[in-house]
Each structure stands twice: as structure tokens, then as C-alpha cells.
Amino acid sequence: MNPLLQEFLLEARDFLQGISEKLMALESAPDDAGLMNELFRLVHTLKGNSGLFDFPALTRVLHAAEDLMDAVRAGQVAYSTALADTLLEAMDFVAALLDEIEATGALTAEHATEAQAQAHALRALIPPTSPQEEGADGGTTQAQLASGPYALPAFPPLAELPEAVRMAAWQAAAPEVPLHGIVYVPAADSFFKGEDPFHQARHIPGLVWGRARHEGPWPALGELDCYRSELIFEAIARAPSAELIEYFRYVPDQVRIEPLPLIALVIPQGQLNGGPVYGDFVAEALAMLEAGDLAGLKSASEALLELSAAELWVSSALRWLKLLIETAPQQRQAMRRLIEALNTLTAPDWQAEDWQQVPDAPSEHEVATAEQVAPADEDRALLDAILAAQAEVLAQPDGVDWLPGRLKATAAVLRAVLSHLNDSPAALDLALEQSLAEKRSQPLAQWLAAYRERLLGQPLVAVKAASALSLPAPEPGPHTPADRPVPATAAAPRAEPVAEVRAMRPAEESAVSKVLKVDQAKIDRLMNLIGEMVVAKNGLPYLASRAEQQYGMRELAREIKAQYAVINRIAEEMQDAIMQVRMLPVSFIFQRFPRLVRDISRKLGKEVELVLEGEETEADKTIIEALAEPLIHIVRNSLDHGLEPPDVRRALGKPPVGRIILRAQQESDRVILEVCDDGKGIDAAIVKRKAYEKGLIDEARLERLSDEEAIQLIFQPGFSTAEQVSDLSGRGVGMDVVRSVVEKIGGTVSLTSRVGQGTTIRLALPLSMAVTNVMIIESHRQIFGVPMDSVIETVRLPRAAIRQIKQQKAAVLRGRIVPLASLNELLGIAAEPQANADDEFAVLVLRVSGVPVGLLVDQFREVIDVILKPLPGVLSKLTQYSGTALLGDGSVLMVINPQELFR
Amino acid sequence: MSLTFADNRVVLADYVTVEEAESLLEWLLAHPQASLDLSALKHLHAANLQVLMAAGNPVSAWPADPDLAAWLRASLPTQEK
């Protein structure tokens, strides 16, 4: 799993924990603004973080929670236990999602429905305008919850669609894959979000037919805002609803997906002026159907079809009949009704009850929805119960203070019922207004009575169709099955589902986190302690030698040494373990590059492929963190100056897409980071000339410099400030900064480049900064440490080999001149370097800013690992020293910083 | 450029992007009688679709792409040429 995601999951759990704690705390102190702000911040941050990943379901719920908390914070909504419950439920759902992400690394599409329901439950608590009415018994919540997803326009009546379309849909349908009607209303600002709704609509899986339309007439062309979407897409697709929901998973609130009953497609259309001629045909056809003579029926209808004008209603019906015979010969009942319809010239009412109950010829649609018949009956009972309950409420005496609240609550419940049945709430709203104005329940009660009467007389089908909607149904909790019928939620006694969910709340069964989050300061303290222990341990060999030499106790000395070996091993392991704790994979910084490269390359109009290698390589946290900046710099340079635009690349015969490789690997105790590009490379000649013009090198050096050395000049501070850098084939911008940062953390930078083939910048860094490998040298009876990173070699030079060139000493080493400097001189110690018995001087050859320099010292000593501590306080201004270390015998070692020493 | 404006005819070809919706709209405003040649069109951004739908200019050539043609025939206002 992606480490960023891992981190998110870790954090998210903390946040969830924090959120529930704050909610609990608010329960006892609901007016605490501080707590409320804290709670909002938690939800807000969690939402923000979730947005980094592709988990729309997660983000949606959190977004709704954030909005709710915002409203609470602003005082629009009062804190209540109900609110806390809803939030907690939503957070449990989030936790469940996190579990799934942790287990599988992804979320399945089916959560979209639940997420939608959760989000609606949360949003339902936010009042649209004024603060929530007193006296509402929570009915508003439930009602809004139910009405939410149905704000989109319904799928158009099938009769509106051309016959050819319907026939195509009919033919496309297959029993195993249901047909769905889709209404997709893109958000008005979707164009700004970079979406192309038309593209989205065109690629609906299993698309059979589609069109775009506009609600009402278009505005005058001059007033049209072409970047504000006003389109409505309608489509018929032959695909399982899960697939469609998955397809629209980013915009679930903008689509409505309805199952299309197949048989409903069969709508004959056309001119109605037929003749009685058809009477005979009907009788004949019915007889043939009875006899099962489909072939005869088909040829008879074909014959009649030829005689009739194509645009006649009758022809249309015959065409459907023919299609039925051809594609669905088992649909006898449907054929009979179609034939009978020829008599009446009215389309068969496929929704009539007798049709639904015909047992011998179940239509494909019925097979698909058979399971929903039972819940539909249940729905009916529940709906009746709801309506009866509302009637009861309205029957209570008027003249109480909370009457408006009561009326609104009742109306809200009723509105939910209406929207569930796809009915228009206009009449209801009217009745409500009247009731509110007159301050009595009667108008509303009257409307309800009339409506109940009407509903009871109505066939079941409407209810059934509504409950079969695949759009998200509001659910009380995350654990209820998604296909549970809507009214069950709306109507069930309120306390029950809540209690049920409570029981499942994962508070008790919470997974024990295996990861510990620790403050870095604690790790640092541990690190320091181990450092001291290493120092203390290093004292043991001294002790051993004293025991032997001063007290002549050989045996004891040996035992101390044996003990030392044991302690040494443990201390090293401890050190190693702590080091591991501080290790971070380089992916931590690599992760931001794909985005960065994409953005910059877009801006520059270049095409770039970024390759990341060795992301799992680990290094100390401080190193990794310090590296981010220089790496960004280098990559940006590669993009800007290194890679050519696509057309230039094409002209050069290179692939138009440039390639940048970010590679990390471990080489013994160093981490190597490489940034390679296949761009134009750095032209040494130009660099040399520029450097000369800038006065960075003199004429003589200009002649002498090898190409390899010349390109290193771009690391010179003066070089980068030149304004013409971008003319230059190389990088240059701030490369000196890169080098100084890398050197500060004990690393080195090197650069190789071939004109026309690309550039590679290589950073070599220590794995950890905690332990520094230093060489101890002696000069004028003092000891100093020199980091081994910068030591090239140690040599002994006879006095004669040292030449004096003006004021500067130098020596020829391995065929090249190396400048020499005396450490005493550099440190202001008034003493000459001491030669040894053979009259040879000890020269420590160091690499300073990539160039070898010889340091004259008196004596070389051993190489040890030390814990380097920076110089404290005022001393920190002495940049010649990078720090101090405590030695085993208790003395202090000053560690030199060669870069600064030679400045 | 996927939009080519002729005297009284605009040719939409290949992929018409969202950025081009504005110029399409402006041109259609200036040429209300212009006809649309969509024969080489493969896809157009919804913003352009919206402009075409609102403008209602006659289509002189439908897209060769049958899928796109079906969408456009169903969506663009029907108008005899």
C-alpha cells in the first residue's frame, strides 16, 4: 500500500477517535464553543485529507459532516443528541470504509449508495434557511432524508421516445442484464471542474440510446453562458445498476438511474384513423395465438402491415407484435393484449393489475423484480401506517404554541411519502400554507384524507416502481443492506433502527492499532541517551588499559574487555534500532513529484514521463526532509532547461516524450539519489565561456579545464545569479543552493552530462546523521576530528616534495597539483607543522567543493564513530567547526567542517 | 484548430474542446444563418453541445461517427435544412 495512504489511514483513525471524544464531551457541555471549533477542525481536516485519495464515498460523507459542523458552529443548528447520533453513525461508517481501504486498498462502488444516504442524513440536519422549528419530532429530518435523491427530474415518459429507439432498446435487452433509464444533470459548474459531461454520457456502459436536452426554452443566444452547464442528459443503457452506479460514482447526486420495465417500451404510436377492417384480423390473430401458431400470426401481421400506411397507429402496433413474436415468443399474454388493443386503438395498459398477476407469462421485467413484490406489499402497509399516523397528529386539537412546527413536521413526512411515490407535492404545499395561515390543521387534514383515498384506490405498481429505484435509499446506519426498501426507514418507529445501529457500533470491537505514534522529541531523547551510552561504553577500553598498565591486573583487563564486547554489541544494536525508527522511505518525497512534473511540464508545454525507481530505499528522517527542496530544484531545472519541447525532440530524432528518472538506491552507508533526464545536456564550452565572462575563472584556467570539470562550474554561487542562465544549455538556477544544502547534511553532489543525451545529477547522502564517522588528527598537541566523508586519502610527503608557489604551498600528487594548507595556519595556531622522524609531513587530502586540497597536520590517529553535537550558543558562530563529540576518555573532540575551513 | 469558419458555414472536426465553446458561440451569434458541417467530428465538449443546442443552426452534414450522430440527431433541435 502507498505509504501516504497508510499515513492517512493512521491519522484518520486518530481523527475519528478525536471526533467521538469531542462529541462525547459536547454531550455534557453543549455550549462549549472551543470544543465545537475543535470538532469542526477535526472533521474539516479529515475531509481535506481524504480528498487526496480516490475515495469519493468517503469524502462525500465527510463533506456533509463538515457542512453540518459548520452550521452548528455558526449557530444555525443547535447541538442535540440526535445530531451527535447522526454524526457518530456517519463516523462509524467512515471507520468501516477505512477498514475496507486498509484491507483491500480500495473501495467498492456499492458504498456510494450508503455514503449518499449518510451524507443526506447529515445534510438533513442543516436547515435550509431559518433555524429548525421547535416541536418538530424529528420528522423533518426523516422527510428531507427521503426526499433528497429525488430532486432530479424523472426519466421522461417512454412514449416521448421514438419508436425506433424503443425497439432498439427492446432488442438490446437481455434477461440477465436489465435496462436502465438514466437522467444525468451535470452540476452547473462542471465545465470549470474540467469535466466533460457529454463525454461521460457517451461512454455510459451498455448505452443503447441517449440525448441531451434543456429544461424549457433556451435563453437568447446572446445571453447564453456557454461555460455554465444547463444540459440534461437522458440515456437508456443495458447494464446492471451496480455498474452504472460505479460509472457515475463521482457524481451520484447528479444522476438518477431507474430500471426500465421492458414491457413498458411497447407503446404503439401513430395516427388513429384506422378502419373496422381490423376486427377480423383481431379475431383471427387471437385464434392463431391460442393455437400457438406464431408463424401464422407473424405472416398475417406482416401481410396486414404491408397493407397499412407506416405512420398509422395500427402499423406501429403490428410492428411491435412482429418484434414480440420474433424476439420473445413466450410472451403470449403480451401479444394477446397487443392484438386486443387493435380493437380499441389504445395502448395496452401494462401497469394494470391483471397484467401483473398473469401467472403463466411472466415478463422479463417481472422476473427481475419478482423479489420486490413482497416488499411492495409491505410498503403499502407501511405507507398506510404513516399516513394514518399523520392523520392522527392532525386530528389533535389546534390552538397550541407548537402548531406550526407540528404542521410542518407532518407536511415534511407527507412530502417524503409523495416523493417516494413520485407524486408532485404542489397540492400538499398549498394545503400546508393554508393551514399555517389559518393556524389550524384542517386544510392539511382534508388534503391528507383525499390523498389517502386516492392512494388506496391506486394499483400497487407505482409503489413497486418506486421501490425498485436503484437510487440511494436513506439508510439509518452503515450495516443495513442497501436494497432495503425506502419506506421501512421512513416509517419505522424512530427509536428502533437507532438502537439497532448502536448495538453494532464498533466501539467495543475496535481493532487494536499496531502502529504507535510517537513524538519526535521522545525519539530524539532516546537517541541522545544512546549516544551517551556509546560514549560511556567507549570508556571501557581505557579502563581496561589502565587496569593493565597502572595496576598490573591483566586478568581484570581481559574481563573488562570481554564485558566491553558484549556491551558494545548491544549498544550498536540499540543504535541501529533507533535509527530504524527514524528511517523514512524516499517515497515520502518522491510522491510529490508526479504531480509537480505534470504541472510544470504542462506549463512549459513539454511532454514528460517521470520514472520513479527505488522508492522503498530508506534514510533518516532529517535527511529525507532536507532533500525535498534540492530535489525539487533539480527536477525543475531538468524540466525547464534540460528537456527540449516535443517538436525539437522530434526534429532531433528523439521520442517526443522526455523522460526523467528519479532513482534512489543504497550503497553501503550512503543513499544515492539520481535525477537523470534525456534532454540536451550541458555544453561545457558554453559553461566555460560564461564562467570566464562572469570572472569566476581566469583565462589560464579556462584553457586548462576539462569538460568534466567545466560543467561542475554550474555549482559556483556566482554562476547561478546570471540572468542568461536559461539561454544556457544547462541548469544553473540555484545549483549552488542545492549543493550547499546537500553538503550541510553531509552529502555530495556530482553531475555528469553529455551534450544531446542528457544530464544526470547524483546526490550521495549519509543514511543517517546521527553517527558521524570521523578521523582524528593531531596538530600542535591538540586533536581534531575530520569527517571521513570529505577525506580522500592520507599521504606522507617528504619535505622536498612540498613546493612553495608564491605564498601558497603545493605538491604534486598522482600527477596533479594539489594546493596545501597547514591546519595550524588556518586555525591561527602559531606553530609550524611537525614532520616525523623521516622528515615527512602528514597530509590529509580532502575534497572541498569537489576539488582536492591537502591539509598539513602533525599526526593521523584512528577513525571513530562519534555522536556529533552542534556547537552550543555563541560558539555556533564558529562555522569552521561542525560540532563537538565526546570521546571515550571524557575529552572533547572538535570536529572540523572542511568546507568552511577553506572558505 | 478543430473549428473552421467559412462564409456561412462552420466546420467542426475531430475533437472540439471546452476552450473553443466561446469562439463558437460568438461566431454563431454573428452568423445566425450559418450551417453546421459535423461530418468529421469525433467528439465535442458538452459546452459546445450546449451552444449548438441553444443556437439551433441547421446541420448540413451529420457526423460520420454513427454513435455521435445518433446523440446529436436526438439532441439538436430538428430543423429542415
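Numbers restart at 1 for each chain; the letters A, B, ... are given by sequence-line order, proteins then strands.
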note = Heaviest contributor of heavy-atom pairs below 4.5 Å to chain B, chosen from A:Arg213, A:His199, A:Arg202, is A:Arg202
task = Would you mind checking which part of A:Gln200 comes under 4.5 Å of any heavy atom in chain B, side chain (CB onward), backbone (N, CA, C, O), both or neither?
result = neither
request  = Check step by step if side-chain contact (heavy atoms from CB on, under 4.5 Å) holds for A:Asp196 and B:Val18.
outcome  = CA-CA 8 Å; A:Asp196 181 357; B:Val18 65; over 6 Å; no
query = Can you check side-chain contact (heavy atoms from CB on, under 4.5 Å) on B:Glu22 and A:Tyr227, steps first, answer last?
reply = CA-CA 8 Å; B:Glu22 194 146 28; A:Tyr227 290 125; 3.6 Å; yes
Tell me the closest heavy-atom pair linking [X] and [Y], and the distance in Å.
X: B:Trp71; Y: A:Ala201; answer: CZ2-O, 3.4 Å
X: B:Ala46; Y: A:Leu231; answer: O-CD1, 3.5 Å
X: B:Gln50; Y: A:Leu224; answer: NE2-CD1, 4.1 Å

key: Contact leader toward chain A among B:Ala54, B:Ala74, B:Pro32, where contacts are heavy-atom pairs under 4.5 Å   = B:Ala54
Heavy-atom proximity to chain A below 4.5 Å, by part of B:Leu44 = both
message = Would you call the rings of B:His43 and A:Phe198 parallel, tilted or perpendicular, taking 30° and 60° as the class edges?
response = parallel
